[in-house]
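Here is the structure we will look at.
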Amino acid sequence: KFRSGDAIHPVAEAADGFSARYGVIYGGLQNAIEELDKTAVELQASLKAGNTEQSKAAYSQLASKAENLRNILSGIKT
């Protein structure tokens with residue numbers, strides 16, 4: 001560990017911050033993609049089964065999860 005008076009200390013702190021932020025973003029992306037995939041599979045199954053009501057609900061959930069993923073990705077563009 002660097003001492004607080006070392007010249008490299010602020011750089012090390014910034015790197016720690018970037019690393020922590022990356023972990024949070026990556027975890028959120030991974031979770032959002034998994035949820036989107038699961039919902040897409042559910043939509044496909046309900047369409048194959050001809051279940052209109054279930055398909056409508058799955059489509060709505062898919063749209064919501066896609067929006068969530070879009071929001072996560074738009075936050076990265078800074």
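Numbering starts at 1 and runs along the sequence shown.
- Although no hydrogens or angles enter the test, the distance criterion places a donor-acceptor pair under 3.5 Å between the side chain of Ser55 and the main chain of Asn51.
- Residues Tyr22 and Ile33 do not share a hydrophobic cluster, defined by chaining ILVMFWY side chains whose heavy atoms lie under 4.5 Å apart.
- Residues Leu62 and Ala40 share a closest heavy-atom pair of CD1-N, 3.8 Å.
- Residue Ala32 comes nearest to Asn68 through the heavy atom pair CB-ND2, 4.1 Å, listed as atom of the first residue, atom of the second, then distance.
- Across all non-hydrogen atoms, the minimal contact from Gly75 to Arg21 is O-NH2, 3.6 Å.
- Residues satisfying the side-chain contact (heavy atoms from CB on, under 4.5 Å) criterion with Leu29, sequence neighbours excluded, are Ile25, Leu69, Ile72, Leu73, Ile76.
- For Glu67, the salt bridge (charged side-chain N to carboxylate O under 4.0 Å, His left out) criterion is met by Arg70, not counting sequence neighbours.
- Applying the salt bridge (charged side-chain N to carboxylate O under 4.0 Å, His left out) test to pairs two or more places apart or on separate chains, those with a residue in residues 53-66 are Glu35-Lys65.
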